[in-house]
Amino acid sequence: MTLAITNTLTGKKEPFKPLGDPVTMYVCGMTPKDRPHLGHAFMFVHMDVIRRYLEYRGFAVRHIQNFTDIDDKIIDRARAAGRDPLDWSREYTEAYFDVMDRLRVRRAHEYPLVTANIPGIMEDVQELIDAGHAYPTSTGVYFDAATFEDYGALSGRTEEDGAAGARIAVDDEKRDPRDWAVWKLDNESSVAWDSPWGRGRPGWHIECSTMIRRTLGEQIDIHGGGADLMFPHHENELAQSEAATGCQPFVSYWVHTGLVLTDGEKMAHSLGNFTTTADVLTDVPPDVLRLYLLGVHYRSTLQFSMEAIEQTRTGYDRLVAVTRARGGNAEGDGSVLESEGSAARQAFESAMDDDFNAPRAIGALFEFGRAINRLAPSCSAADVEKAQGTLTSLLGVLGIELREPDTASDDATPFIDLLVQLRQQLREARQWELADRIRDDLDALDVVLEDKPDGTVWRRG
RNA sequence: GGCGACGUAGCCAAGUGGUAAGGCGGGGGUCUGCAAAACCCCUAUCCUGGGUUCGAUUCCCAGCGUCGCCUCCA
């Protein structure tokens, strides 16, 4: 079985054939204008898993992710708040790292910024003009969509669609309604650069074309982003890049993640209906949130609900419980458990090979967890530990760790131990009523007691 | 209006031309002093109507519904 990836450009699942070593992966990052919401978390966690799985499969991956640290929205918001735009975008860039680090999204190898790539952007704009793909007007420099034959291929839009759908104010200077700015003239903003076409800043799409070219080259393996970036962002990026470099295809696999919906509508900063990732993480452990986000295929729409996250929390706790299983028979035959382990790995890989089907992979891991619990009593400690190791390492490929609630720095521990001992004596004296009361009262304090054949164990609920 | 996606049990969610993973919840058991945990069993005519087929939830058409994109967007 080989890895196959759905490519938005063709709409088909295609065998993965990297251009070279390392695999080049570019993920469209945030425009840091507000705190990252669950839609961002969904996208970045899935992209993280894609990278992790490629590495698990033995590919070296070079992962670049940008920040569009200057754009119209950032300028508007900063101005409304009386703040410096770059200071504003830095603040939310930090907010991104803060939350994604906690979610264990691995850091990209490089995070290019628009503001640090202005000379390169200007070079590319000039190149497009020289090649006849872009032209200056009184408001900026525009890409001439008609000069790019395949325009519309990525989003499946024809020329007529584009013309009919052009809902922005008509700009008489534009040669075609589909044309877009690669350079915007602006003398008002504090954030602007002098250019051969006048003072201004880059248009929205050109930065990615430039940064990809400068960091990864003219052709890359994987380009990821949310489905809402397909058009116009990626469509325009593709046109610019191929027009500038002449290399085709610009991207081997266009990978788009589904959108997160809340109350039946897209979660978005602009709609004001977002739940921030940080808010969820105040009472949901990062691993639970990851498991929740990965419970939906990356291309699907996720209908966010707190109820579903809570359901995931219970499931996660069951996986954690698997790590508590202990072998019960030193002489036991571990071969059955071992074959369960290899079956689980096989199921996991075949699911992930099939367009990174994390939900199916997770299903296989739950089944394996059940097998470990079932077989542990008849297996040796070493066999059980080995199986648990397989489980945790496969979960690790998804970036999920199994953690007991933290009790390390718990002042109450000696007192709880004392109560448990006391209760044990009561049980031996068959004082069930008192013993049960201690158990119930501790339970109310989130301390769960379990009476096992060889003694009572407790843990934080 | 144009283009596209989706509609699977109470909830979340995979999947397949030959009668449907997994998780949560619910029911019943085993174990236990009783519990808890764990394990076992049960819990879906796959939106509707046509068509293709020996056979469709899976392919095609239509309808209904939901959502997305159509230059803010992950």
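Just so it is clear, the structure is predicted and the values come from calculations on it, not from any experiment.
Atom-to-atom distance recorded for A:N329:CG and A:L375:CG is 12.0 Å, nearest 0.5 angstrom. To the nearest 0.5 Å, atom NE2 of residue A:H63 and atom OG1 of residue A:T215 are 10.5 Å apart. To the nearest 0.5 Å, atom CZ of residue A:R83 and atom CZ of residue A:R77 are 12.5 Å apart.
Heavy atoms of A:K452 sit nowhere under 4.0 angstrom from any nucleic acid atom. Here A:M267 lies in heavy-atom contact (under 4.0 Å) with a base. Residue contacts for A:H269: at a heavy-atom cut-off of 4.0 Å it reaches no nucleic acid atom on any strand shown. In this structure, A:G39 reaches the bases: a heavy-atom distance under 4.0 Å links it to at least one base atom across the strands shown. Residue contacts for A:E450: at a heavy-atom cut-off of 4.0 Å it reaches a base atom on one of the strands shown. Nucleic acid contact for A:N373: sugar-phosphate only, since backbone atoms but no base atoms lie under 4.0 Å from a heavy atom of the residue. The residue A:L449 sits close to a base: some heavy atom pair falls under 4.0 Å.
Between A:S300 and B:C6 there is no side-chain polar atom (N or O) within less than 4.0 angstrom of OP1 or OP2.
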Give me, pair by pair, the N or O atoms of the protein and of nucleotides 42-44 of chain B that are less than 3.5 Å apart, along with how far apart they are.
none

Report each atom pair, protein N/O against N/O of nucleotides 24-26 of chain B, whose distance is under 3.5 angstrom.
from	atom 1	to	atom 2	distance (Å)
B:C24	OP1	A:R318	NH1	3.2
B:C24	OP2	A:R318	NH1	3.2

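Every residue two or more places apart in sequence or in another chain was checked for a side-chain hydrogen bond (donor to acceptor under 3.5 Å, both in side chains) with A:E94, and none qualifies. Checked against salt bridge (Lys or Arg N to Asp or Glu O under 4.0 Å), A:R104 has the following partners two or more places apart in sequence or in another chain: A:D287, A:E401. Scored by the side chain to side chain contact (heavy atoms under 4.5 Å, CB included) test, A:V255 finds A:I5, A:M47, A:I50, A:I222, A:Y253, A:Y298 as partners (sequence neighbours excluded). Residues passing the side-chain hydrogen bond (donor to acceptor under 3.5 Å, both in side chains) test with A:R35: none are found, sequence neighbours excluded. For A:D71, the salt bridge (Lys or Arg N to Asp or Glu O under 4.0 Å) criterion is met by no residue, not counting sequence neighbours. With sequence neighbours left out, the side-chain hydrogen bond (donor to acceptor under 3.5 Å, both in side chains) criterion links A:Q421 to no other residue. Scored by the side-chain hydrogen bond (donor to acceptor under 3.5 Å, both in side chains) test, A:N236 finds A:Y151, A:H205 as partners (sequence neighbours excluded).
A:E428 CD: more than 12 foreign heavy atoms inside a 6.0 Å radius.
For the pair A:N357 CG and B:A13 P, the computed distance is 14 Å after rounding to whole Å. A:N273 has its CG atom 13 Å from the C1' atom of B:C67, to the nearest Å. A straight line from CE of A:M306 to P of B:C12 spans 15 Å, rounded to a whole angstrom. When rounded to the nearest whole Å, the span between CZ of A:F42 and C1' of B:A74 equals 10 Å. Spacing between atom CG of A:L442 and atom C1' of B:A36 amounts to 13 Å, rounded to whole angstrom units. Atom CG in A:L395 sits about 13 Å away from atom C1' in B:G23, given to the nearest Å. In this structure, A:L291 atom CG and B:A14 atom C1' are separated by 14 Å, rounded to whole Å. Distance CD (A:E307) to P (B:G23): 18 Å, rounded to an integer number of Å.
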Verdict with supporting geometry, A:D124 and A:T210, side chain to side chain donor-acceptor pair (under 3.5 Å): CA-CA 7 Å; A:D124 289 352; A:T210 295; 2.8 Å; yes
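On the C1' atoms, B:A37 is 11 Å away from B:U32, given to the nearest whole Å. Annotation: B:A44 and B:A14 have their C1' atoms spaced 14 Å apart (nearest Å). Rounded to a whole angstrom, the distance from the C1' atom of B:C46 to that of B:A56 is 11 Å. Using atom P as the reference point in both B:G29 and B:G68, the two lie 47 Å apart (nearest Å). B:G1 sits 26 Å from B:C60 when the C1' atoms are compared, rounded to a whole Å. Remark: the separation of the P atoms in B:C12 and B:G7 is 13 Å, to the nearest Å. Taking the P atom of each, B:A20 and B:G25 are spaced 24 Å apart, rounded to whole Å. Comparing the P positions of B:C24 and B:A13 gives a spacing of 16 Å, expressed to the nearest Å.
Closest to the side chain of A:K73, out of B:A14, B:C40, B:C72, is B:C72. Comparing B:A36, B:C70, B:C40 by their closest approach to the side chain of A:R374 singles out B:C40.
The stretch residues 258-266 of chain A comes close to RNA chain B through A:G258, A:L259, A:V260, A:L261, A:G264, A:E265, A:K266, each having a heavy atom under 4.0 Å from the strand.
We find that A:E404 and A:R459 are not joined by a salt bridge, their nearest charged nitrogen and carboxylate oxygen being 4.0 Å or further apart.
Taking a pair to require two hydrogen-bonding distances under 3.5 Å in either a Watson-Crick or a G-U wobble arrangement, B:U19 remains unpaired. The nucleotide B:U53 finds no pairing partner, because no Watson-Crick or G-U wobble arrangement with both distances shorter than 3.5 Å includes it. Across the strands present, B:C39 finds its partner in B:G29; the criterion is a Watson-Crick or G-U wobble pair with both atom distances under 3.5 angstrom. Of all nucleotides present, none satisfies the Watson-Crick or G-U wobble test against B:C34 with each distance under 3.5 Å. Here B:U66 sits opposite B:A5 as a Watson-Crick or G-U wobble pair (both hydrogen-bonding atom distances under 3.5 Å).
Closest approach of A:D34 to A:Y92, counting heavy atoms only: C-CD2, 3.3 Å.
A cation-pi arrangement is present between A:R107 and A:F97 under the rule of less than 6.0 angstrom and at most 45 degrees off the ring axis. For A:R157 and A:F231, the positive end sits near the middle of the six-membered ring, less than 6.0 Å away and at most 45° from its axis.
Among residue pairs with one or both ends in residues 364-374 of chain A, none qualify as side chain to side chain donor-acceptor pair (under 3.5 Å); sequence neighbours excluded.
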Contact letters for nucleotides 27-33 of chain B, in which S counts primed atoms plus P, OP1 and OP2 and B counts the base, heavy atoms under 4.0 Å: ------B
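With the nearest nucleotide of RNA chain B identified for both A:R299 and A:A371, A:R299 has the one nearer the 5' end. With RNA chain B read from its 5' end, the first of the two nearest nucleotides for A:S155 and A:G29 is the one closest to A:S155.
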